[in-house]
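Report on the following structure.
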Amino acid sequence: QIEPLIFEIGHHETTGVDLDEPEAFTPRLGGLERKEAIGLPGLSEPEAMRHYVRLSQMNYGIDTGLFPLGSCTMKHNARLNERMARLPGFSDVHPLQPVSTVRGALEVMDELSRYLVTLTNTTTVALSPKAGAHGELCGMMAIKAAIEAKGEGKTRNVVLVPDSAHGTNPATAALIGFTVRPVPARDDGWVHVDDVKKLLGPDVAAIMLTNPNTCGLFENQVVEIAKAIHDAGAYFYCDGANFNAIVGKARPGDLGIDAMHINLHKTFSTPHGGGGPGSGPVVLSARLAPFAPVPFITAENGVLTLVEQAKDATEQPFGRMTAFHGQMGMYVRALTYMLSHGSDGMKQASEDAVLNANYIRASLADLFSQPFGDKPCMHEVLFDDAWLKDTGVTTLDFAKAMIDEGYHPMTMYFPLVVHGAMLIEPTESESKASLDLFIAALRDLAMSAKKGETERFSGAPYHAPRRRLDETRAARTPVLKWTKPAPFAEAAE
Amino acid sequence: QIEPLIFEIGHHETTGVDLDEPEAFTPRLGGLERKEAIGLPGLSEPEAMRHYVRLSQMNYGIDTGLFPLGSCTMKHNARLNERMARLPGFSDVHPLQPVSTVRGALEVMDELSRYLVTLTNTTTVALSPKAGAHGELCGMMAIKAAIEAKGEGKTRNVVLVPDSAHGTNPATAALIGFTVRPVPARDDGWVHVDDVKKLLGPDVAAIMLTNPNTCGLFENQVVEIAKAIHDAGAYFYCDGANFNAIVGKARPGDLGIDAMHINLHKTFSTPHGGGGPGSGPVVLSARLAPFAPVPFITAENGVLTLVEQAKDATEQPFGRMTAFHGQMGMYVRALTYMLSHGSDGMKQASEDAVLNANYIRASLADLFSQPFGDKPCMHEVLFDDAWLKDTGVTTLDFAKAMIDEGYHPMTMYFPLVVHGAMLIEPTESESKASLDLFIAALRDLAMSAKKGETERFSGAPYHAPRRRLDETRAARTPVLKWTKPAPFAEAAE
Amino acid sequence: MRYLPLTDTDRGEMLARIGVNTVDDLFADIPSNVLLKAPLDLPRRKGELEVERIMSRMAAKNVPASSVPFFVGAGAYKHHVPATVDHLIQRSEFLTSYTPYQPEIAQGTLQYLFEFQTQVAALTGMDVANASMYDGSTGTGEAVLMAHRVTKRRKAVLSGGLHPHYVDVVQTLSKMASDDVVALAPDVSATEDLLASIDDSVSCVVVQTPDVFGNVRDLKAIADKAHQHGALLIAVFTEVMSLGLLQSPGSMGADIVVGEGQSIGNALNFGGPYVGLFATQSKYVRQMPGRLCGETADADGNRGFVLTLSTREQHIRRDKATSNICTNSGLCCLAFTIHMTLLGEAGLKRLARINHANAVKLADQLAGVKGVEVLNQTFFNEFTVMLAKPAAEVVERLAEKGVLAGVPVSRLLPGAGLDRLLLVASTEVNTDDDRAAFVAALKEVL
Amino acid sequence: MRYLPLTDTDRGEMLARIGVNTVDDLFADIPSNVLLKAPLDLPRRKGELEVERIMSRMAAKNVPASSVPFFVGAGAYKHHVPATVDHLIQRSEFLTSYTPYQPEIAQGTLQYLFEFQTQVAALTGMDVANASMYDGSTGTGEAVLMAHRVTKRRKAVLSGGLHPHYVDVVQTLSKMASDDVVALAPDVSATEDLLASIDDSVSCVVVQTPDVFGNVRDLKAIADKAHQHGALLIAVFTEVMSLGLLQSPGSMGADIVVGEGQSIGNALNFGGPYVGLFATQSKYVRQMPGRLCGETADADGNRGFVLTLSTREQHIRRDKATSNICTNSGLCCLAFTIHMTLLGEAGLKRLARINHANAVKLADQLAGVKGVEVLNQTFFNEFTVMLAKPAAEVVERLAEKGVLAGVPVSRLLPGAGLDRLLLVASTEVNTDDDRAAFVAALKEVL
C-alpha cells in the first residue's frame, strides 16, 4: 500500500479549482511580482479525492478502534460537535468584524467560561491559549506578572517541577526565564508535601503539579501541598491534562490551585485531528484573575462585549497570547459536549473513565507489573517493564506487537520516572465488550512474551501499512521535503 | 477482519439517542399498543460510529480506486453536489407543504428539465421515476397510453428487444403486458435495420433499443431504425443508460427517439451509494409529451407551479409513478453537476470517457480478444473470453484476480450475447497515469493467465476482506436475517 | 475543468496510441449530420463559488421545516436525525460504492443490508424483508403485483384509508397491466366495510394503518376474512415510527407488509429519495421483488454476505422476472439502519411515545379552538380536523403567518367534497411554542 | 447517555472484578471534604435536538461573512474553500487520529505533513518548513526566540508595518523572557527607516509584507543590512494568498519566514483555529521550533515517514527544548495542503490574480467616493483608506446597513491618532454587487 506523493502525480498546470482569469488590469505590486515558478503540483478533484482518501486509509483513529494512549484521552468525538462548529454563524465570522455583529459568538465564549469556572471553582478563565502547552505558558505568565506586581520579580525565579511531569512543564517555565527545580520521584508514585516543603524558599515562584498525575494517581497530599506553597508566597500551577478523570468529582479550586489549563481536546473531546488544533483555556484563582491576558469578555449593562485592550485599573493584563480570540471552533465543540453531557453526564463520564482504567488494571494485574503497587488508579493505568525482564521483549516491541492485534499501542516510556513505562488510558468511550477483547489480546501477547515467542515482537508490526520504520536514519540524514529526483531533472533538461 | 453484527453487540436497553420520557398522558391508540418486544438492539454512539466505520472499511468505492464496472458509469462524485443537496432549502422541505413555500424547489426541477430537454432535443421530461428501471416503466407506460389513445391498445402488444439489452428492458415490457419479441444479435455488435424491419408489423408497439448499446458501440443505423419504427406506427424507446457517452456530442431527439430514461446517477454523477437511490427522469418526444405522468411543473403567468392532477384536455397523463415528486435530492446533485460542467465541460466529459475507453482498448488489444473486431468503442470496451481458451482461467477467475491487484473487477458475463464478456468502463474521471497503472496490471494478469499460473486466479481473491464467497450455498438455503443462536438462547433462560 | 484529469498532452498521447487523429474519429459511428459540432446552447462551466451561489439562491426561496412551526405529514414526516447518521453515509466507501456485485470487496454494504433486513423483519413482525424498495408507494404497487403472482388472481381491493397517492400508483400500474382494482371511497372515520369486498376473486386487500386520516386500524378481522377466501392481506404504513408503539402488522395477520421508511434516518428532501420497506412470510420469499442479501461463508470458512435469490430478478429472468427493479435505496437504507441502531428498541419506543404524546397535546389544544373539530377517535402522530373554512385557504393564510399547518385533504382528494378537512401531524420536533403559535394563528384565521 | 456505552450491569460486573463496592472507592485518594457528592449546579444532559437549538440560537446572533458584502481582513481573510476540503478533513481516520507517534499506523498523517512541508518551503522560497504552528502570530513569537538562539543575541526590531497584534504577542513573550524589543512606530505608508535600527546588537528584524496597512515591501535591502550585522531577517505574512503573486521572502533574503496560512483551506472561525506556517534555511533546522516530519524506510525497505529531530523538543529536552510546543495545527494543515493541492500552481496564481484584481477595482471605486482617500501606492488584496469621519463609527453605521466594511485602524492601534484610517480587504468572494453596495452605503454615511 504505497501512495505516491502529490509531487509525483501532480502537474503544475493541472488544477482542481475552476476560476476565470480576471479581466486585464494594471497590478499595483510595486514591481515585486513573482517571476519564478513556485514548484507546486496540482491535482484534479477526482485525483485529489482519491489521494487523500487513500492516505486516510493508512491511519488509525478512535473511530476505527480502541486508542489507549495514556495521557492523551482519545475519547469519542461526537459529530454533533462538528456540525455545530460548522454553523455559518460560528465558522464564517471574522474576529475583527464589529462586535455588534458577533454577540452570539461572545455568548458562546461567555457560556463556556461559566462552565469552566463552575467545574473548577475558580474566578476567571483566559480562553485564548491555542493548546495545552500554550495554556501552561499563559498560566505561568500570569504567575510571573503577579509576582512582579508584588515587587518580587527579581527574587522569585524558581519553579518546582516533579520528575514525572510532562516535558512541557519545565520547557514552559524555562521559556520565560524561570529556573526549574525538580521534585524527586517517590516509590509510591505520589508527590509528598514533606519533599515540597524542603524545596520551598523565598526564591520559589510556583510549583507545576499535574493532578491527577502522570502515573495515573490522584495526588493525595495536594491540599497540603497547596497550603505549603501558598504559605511560602508562591503559586500553584496545576497541569490540567488529566482533569478529565475528576470533572464533576472534585473542583481544582477546592484543592487550592491558582492556575490550570484545560485541554478542551482531551477533557471535552474536541478532535485531536492527527496532532491538533488543540485549545488550552486557563482557569485562574482570584489572586491571578487581574492578570489574565487580553482579549476577554465582560458584560456592560447586560450586553456582552470584548475587551481587546485593558481599560481600567482593576485589570492588569499581562499582555496578549495570540492575534485573535483563541480557538473559537474548539469552544463551540467543547460547549456542545458540555451541554450534551450536562453535569450528570460529565460526572458519569469521569466515573466511567476511572472504572474502565481500573477494570483493565484488575484484569492484567496478574501478568503485568505495576511500579507503585496494586492500588486503584484514576483514568489511566501505569505498568512498567519489570514483568518483561529476561523475555527479550521490550516495551517498544510489545507496543508494536499490539498493532498486529488491531490496536493502537498505549503510551510508552512515559512518565520517565518509570522504567519501560506502559500507560493505558481507555477513556469512558469504550464498552465493556470492547475492553474485554482488548484485555484478552493483551493477555495473549503477554503470555506469548513470557513463553519466549520473541519473533512476534521483535519484527512487529507485520500487519500494518508499514513495517517498523527506521527513525534513526530519519534523524541522522533528515529528508524534510520532497526534491525532484536528479535523473528525471536531467532528463527533463 | 470480522465485524460482529449489531445483534451480537447491541442491547435492547442501550440507546445512542437521548430522549426524555414524555409526561404521563392517555394514549389514543384504540387498544392496539404493542405488547411484545420488537427485538431491536441499540448501540451507544461511540459503538455505532466504530461499527459502521469498520464496515465501510470492507468496501471498495470510486474514491478508493478505479472502478471500471461497464454499464455502471462509476465516475467521480463531487462533494459540492452533496453539500448543495443538504442545503436546508432543499433537504428540509416537505413535498406537500404549500407551493408558495417551495418556489425554489420547483425552480430546480424546472431548470433541470430545461437542461435535460436541451441536451436531448426532446419536448418534455417526466422527472418522477425513482431509478432507471422505473424510468423505463414510465416511458413504456407513456407509449402504451399513446397507443390506447389511438385505439390500438388491443392490437399493438409486441415490443422488440435486442438480445444484448439490459434485463430491465424485457422485464419492464412484460410487466405491463407487452409480449417481448427478440431482435437477434449480429456478429458485428450492431442492430441492423433490416433485421428490425423483418420483425415489424401492426402488432408492434415499440422497440426498446439501448444506444450506445451494451456492447459499447453506437448503433450506426439508429436513424434508419427510428424511421422504420415510426413508419410502422410504433414508438422508439431508447434505454439511456449509456447516454453519458454522447452528452453534448449527439442529441437522442435528433436520432428519432420517442422516450428515453436518463440515469442521473450515471450520466450526471449522483452517487451510486452501494445500490441506490437512483433517479430516472424520462424525456419524451412531442408525440408522447401529452401522456407524461403527474406531477409536473408548469408556469402560470411566469410563476412556476406544480400540477398534481391533470386539469385541461391537452394533458392526458397516464397516471402517477410514485407518491410525491421524485428524487429531489438527486435533482439538486445532477443540476449542480450540470452547472459546474457547463455545456463545454459535459461535452469534454463525453469525449474523455470515450477516449479513456479506447485507450484501454488499444493498450490491451494484443492480449485480449474483442468479439466484434478491432474497432473504436464508445465509453466502454467489451472483451470476450476467447483469449482465455485453454488457460483454465474463466472470466470470473480473472475478475477475482483483479481484486488482488487493488482493482474493482469490470462487469462480467454481460452483455449475454458475448461469451464470457468483460465490459470495462473507465469513465472520464480517470487520469492517464491511473489508466496506465490499470493497463499494466491487466497485462500482467493476462500474461500470467496465458502462462498457466492458474492458482493466482482460481483461488482469488487472496487479499480482500473476504476470500471467494459461496453464492450457491446462500441461494440454496437462504439465511436472510439474523436469528439468535439456539445455544445462547437456552443458556439465557 | 476541475473534474476532468486529462491534460491536452495526455489526450494527444492517447490518441496516438489508439491510432486516430482526433477524438471525433472515435465518434465516427454517429451520423455526421447528427454529430454536434459546437457545445449546446447552455451556460459554460462555472466555479464552485458561482454554483453555490446559484443553488443557494434557489434554496433560499423555500421554507425549511426547521425554520417554522411545522405540522405537515401525510406520508412524509419531519424528524430529528442524529448528526452521526449523515456523517457515516457520506463515508467514501459507502457513498461511492456500487451494488455489491463483488461481495469480497463489498462486505460493508452487504452486512448493513443484512442487518437492515433483520431490523425491518423485526419491526413489521414478519419472517423476511428485502433490502428496500424505492419508497412506500412503489413498494405498495409491487406488493399488489406480488399478491397476484402468489394467488394467481388479478384483483386488488384498496381500503379507503390508503394514502390517495398510493392508490394512484397502484391504479396506474394495474391499469397498464390490465389488472383489476377496487378502490373504496375515502374513509375519514375508518368505518368502511372492507370485509364485504372480499370474495374468492380477490387477490389481496390493501389496508393502511395508521390510515391516511390518522386512524389506527385493527387488521385481524380483515386478515381472517382474506385468508378464508385465499386472498392476502397487504398492510401498509406511511409512518414507520408508529411501529414503535403499535402492534406489528405481522402479529395481526398480514401476509405482506410494505411502507415508507423515511422517518428513520432520512430527510424530507421534498419527496425523495426515500426508502420503501417490504417484508413478507418465508413461504412467499421467492415471489418477493427487490434485492435480498443472504448469509454465507467464504473459502476460508469465514462468515460473509452476498446478494442472493437473484434468479427472481430481471438480469437473469428478463421478461419472466418478479419485477423490473434493479436497484434499492442503498444509502437511504444505510441511514435507516444506522438511525435505528442508535435508537435501539428502548429509543425507538420512547421516540414513538413522544410523537404520540405531542400529537395528543396538539389535538387537545386544537380541539379548544372555535371552528376546529378533531375527527379522530384514535391516532398516532397525525390526525384529521374539520375546519370552519376550506382547509387549503386556511393553510395558505397560516403559511403567510409563518406556520406550516398540515395538508388539506383537498390537495390529495380534489373534488371529493372533503375541502374543510386538514391532516395535521406532530412529531418530536414540535415544542410548546410551536403549538401555541399554531393555535394563535389558527384563531386569527378562522 | 448516548456517549457512554457502559450499562449499569456492566458497571456492577466491573466493580466486582476490581474488588471494590462502589465507584467512589476508586476515588478514595480525593480528600473526602473535597469529593463532590452531587452533580454541580449546571444543567442536566440534553438530547441532540435541544443542543442544536441552543447552539443555533447563538449562531443566529452573528452575521456570517457570506451573508453580506464583506471586506474585513487585517490578518484573517474570507476565501472560498472547495467542498472537497471539508469533506476530507472529516474522514474518521484523519479527524480522530492522534499525533503520529506510531508511524506504522499513521502514514496518512505523516505523508500529508511531508507534502505540506514541501509546499510551504516552495511557497516561501525556503529550504525547510515545519509541520505548522498554532497560527501566524504565535509563530512570529517563536521565530524571534529562534533568532535569539541562532544569534545568541536578545534584541528584536519590529517593523511598524507588523500587525499590531503580532507586535503584542512578541512583546508579551519578550517581556516575560526579559528579552529586548524595539517596536517601530506604526508605519502607514511604508516609509520607516528600518535600516537605521539595525546594528550588531540586533538579533533579528521582523518585517511583514504585505504589511498590515497593505503595502507590498521589498525586503532585499533589509536582508543585506541585517546579514552585514549578523542579524536575521524574519519575514512575516498574514495573507498567504499573496505568495501566489509576490516574490517569495526567501528569494529576497529572509532567514526565517513565518505567517498565517488560514486563507488556504480554513474558515474564518472567529479567529481560530488557524495554521501558522514556518520555514527557514537548512542550517537553522535544529533551532527550528515545532514538529518535523521526515522521510525514511521501513524494515521492508518501503518509503515511509516519521516525526523526526524530536531531540529538539520538550518531551525529550524538557527545560532545554527549543520550544514548549507539543502540537501542531494538524487538521488545519491538512485543510491547507488539500486546498493547495487542488489549486496547484496554476490555480493559486490565478486565484491570487483575482484577489488583486478585485482589490484594485475596489480601490478605484472607493477613491471615487467623496471623503475617501486611498493611501496605498502598492497592495495585494487589502489597503488603507483615510475617511472623512472616524472609521470605527463609519464601520458601525455600515454594519447597520448590512455591509461589513473592514477594520478601523483604531481597533488595532487605539490612541495612535489613526482613527480615520480603515483597512479594507477584497478577495475572490466579492462581486460587483458587493462593491456597489459598499460604495452606495459609504456615500450615505460619509
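All values below come from the heavy atoms of this structure, side chains included, with hydrogens, waters and symmetry mates left out.
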>> I'd like to know if R83(B) and E52(C) make a salt bridge, using a cut-off of under 4.0 Å between side-chain N and carboxylate O.
In response: yes

>> For L145(C), which atoms come within 4.5 Å of any heavy atom of chain B: side chain, backbone, both, or neither?
In response: side chain

> Between R11(C) and D352(B), is the closest basic N to carboxylate O distance under 4.0 Å?
Replying inline: yes

>> Need one label for V72(C): side chain, backbone, both or neither, based on atoms under 4.5 Å from any heavy atom in chain B.
In response: both

>> Does any backbone or side-chain atom of K361(C) lie under 4.5 Å from a heavy atom of chain B? Answer side chain, backbone, both or neither.
In response: neither

>> Is a donor from one side chain sitting under 3.5 angstrom from an acceptor on the other, for S100(B) and E396(C)?
In response: yes

> Is there a donor in the side chain of T322(B) and an acceptor in the side chain of D135(C), or the other way round, less than 3.5 Å apart?
Replying inline: yes

>> Between the side chains of R468(B) and D298(C), is the shortest nitrogen-to-carboxylate-oxygen separation below 4.0 Å, so that they form an ion pair?
In response: no

>> With rounding to the nearest 0.5 angstrom, report the CZ to OG1 distance, R320(B) to T138(C).
In response: 12.5 Å

> Which heavy-atom pair separates P103(C) from L469(B) by the least distance, and what is that distance?
Replying inline: CB-CD1, 3.4 Å

>> Can you tell me which portion of V23(C) sits under 4.5 Å from chain B's heavy atoms? Options are side chain, backbone, both or neither.
In response: side chain

> Is R353(C) paired with E21(B) through a side-chain N to carboxylate O contact shorter than 4.0 Å?
Replying inline: yes

> Measuring heavy-atom distances to chain B, does L88(C) have an atom under 4.5 Å in its side chain, in its backbone, in both, or in neither?
Replying inline: side chain

> With respect to chain B, which residue among F380(C), F379(C), Y112(C) yields the maximal number of heavy-atom pairs within a distance under 4.5 Å?
Replying inline: F379(C)

> Considering all heavy atoms of both residues, which atom of S429(B) and which atom of P5(C) are nearest to each other, and what is their separation?
Replying inline: O-CG, 3.1 Å

> Does any heavy atom of chain B fall under 4.5 Å from the side chain of A28(C), the backbone, both, or neither of them?
Replying inline: neither

> Have K481(B) and Q119(C) got a donor and an acceptor in their side chains that come within less than 3.5 Å?
Replying inline: no

>> Given heavy-atom pairs under 4.5 angstrom as the criterion, report whether the side chain, backbone, both or neither of A399(C) touches chain B.
In response: side chain

>> Below 4.5 Å, heavy-atom pairs only: which of L246(C), T327(C), V306(C) has the largest tally toward chain B?
In response: L246(C)

>> Does any backbone or side-chain atom of R2(C) lie under 4.5 Å from a heavy atom of chain B? Answer side chain, backbone, both or neither.
In response: side chain

>> Ignoring hydrogens and geometry beyond distance, is a side-chain donor-acceptor pair present between Y52(B) and T341(C) at under 3.5 Å?
In response: yes

> Going by atom types alone, do S343(B) and R44(C) pair a side-chain donor with an acceptor below 3.5 Å?
Replying inline: no

>> Given L55(B), which partner from the list Q107(C), R91(C), E115(C), E93(C) fulfils the side chain to side chain contact (heavy atoms under 4.5 Å, CB included) test?
In response: E115(C)

> Given that the side chain runs from C-beta out, which part of L404(C) has a heavy atom under 4.5 Å from chain B: side chain, backbone, both or neither?
Replying inline: side chain

>> Looking at every non-hydrogen atom in both residues, tell me the closest pair between V51(C) and S340(B) and how far apart they are.
In response: CG2-OG, 3.6 Å

> How many angstroms lie between CD in E428(B) and CG in L4(C), if you round to the nearest 0.5 Å?
Replying inline: 6.0 Å

> Under a 4.5 Å heavy-atom cut-off, does chain B meet the side chain of S56(C), its backbone, both or neither?
Replying inline: both

> Which one, C332(C), A121(C), A129(C), S248(C), leads in non-hydrogen pairs under 4.5 Å with chain B?
Replying inline: S248(C)

>> How close do P31(C) and F218(B) get, counting heavy atoms only, and between which atoms?
In response: CD-CE2, 3.9 Å

> E345(C) and G39(B): which non-hydrogen atoms are nearest, and at how many Å?
Replying inline: OE1-N, 2.6 Å

>> For M55(C), which atoms come within 4.5 Å of any heavy atom of chain B: side chain, backbone, both, or neither?
In response: both

>> For Y98(C) and H272(B), take the angle between the two ring planes, folded into 0 to 90°, and tell me which bin it lands in: parallel under 30, tilted 30 to 60, perpendicular over 60.
In response: tilted

> Which atoms of T26(B) come close to chain C, meaning under 4.5 Å heavy atom to heavy atom: side chain ones, backbone ones, both, or neither?
Replying inline: backbone

>> Which heavy atom of F67(B) sits nearest to which heavy atom of T96(C), and what is that distance?
In response: CE1-O, 4.2 Å

> In Å, rounded to the nearest 0.5 Å, how long is the span from OH of Y359(B) to CD1 of I18(C)?
Replying inline: 8.5 Å

>> Regarding S66(C) and D92(B), do their side chains bring together a donor and an acceptor under 3.5 Å, going by distance alone?
In response: yes

>> With rounding to the nearest 0.5 angstrom, report the CD1 to NE2 distance, I338(C) to H51(B).
In response: 9.0 Å

> How many angstroms lie between atom CG of N220(B) and atom CG of D29(C), to the nearest 0.5 angstrom?
Replying inline: 5.0 Å

>> Could you walk me through whether E13(C) and K432(B) satisfy the salt bridge (charged side-chain N to carboxylate O under 4.0 Å, His left out) test, starting with their C-alpha distance in whole Å, then the side-chain angles of each, then the deciding distance to 0.1 Å, before giving a yes or no?
In response: CA-CA 9 Å; E13(C) 290 173 19; K432(B) 178 170 176 295; 3.3 Å; yes

> What part of P43(C) lies closer than 4.5 angstrom to a heavy atom of chain B: side chain, backbone, both or neither?
Replying inline: both

> What about H94(B) and F270(C), are their ring centers closer than 6.0 Å?
Replying inline: no

>> Need one label for V20(C): side chain, backbone, both or neither, based on atoms under 4.5 Å from any heavy atom in chain B.
In response: neither

>> Working note: E308(B) + R411(C), criterion salt bridge (charged side-chain N to carboxylate O under 4.0 Å, His left out); need CA distance, chi angles, decisive distance, verdict.
In response: CA-CA 8 Å; E308(B) 293 178 284; R411(C) 180 158 179 189; 2.6 Å; yes

> Does E471(B) offer a backbone N or O that forms a donor-acceptor pair with the side chain of T296(C) under 3.5 Å?
Replying inline: no

> In terms of ring plane angle, is the pair Y134(C) and H134(B) parallel, tilted or perpendicular, where the classes change at 30° and 60°?
Replying inline: tilted

> Is it the backbone or the side chain of A65(C) that comes under 4.5 Å from a heavy atom of chain B, or both, or neither?
Replying inline: both

>> Shorter than 4.5 Å, heavy atoms on both sides: which option in N302(C), L15(C), I54(C), D300(C) has the most such pairs with chain B?
In response: D300(C)

>> Looking only at heavy atoms and a cut-off of under 4.5 Å, which of V63(C), I325(C), T99(C) has the most pairs with chain B?
In response: V63(C)

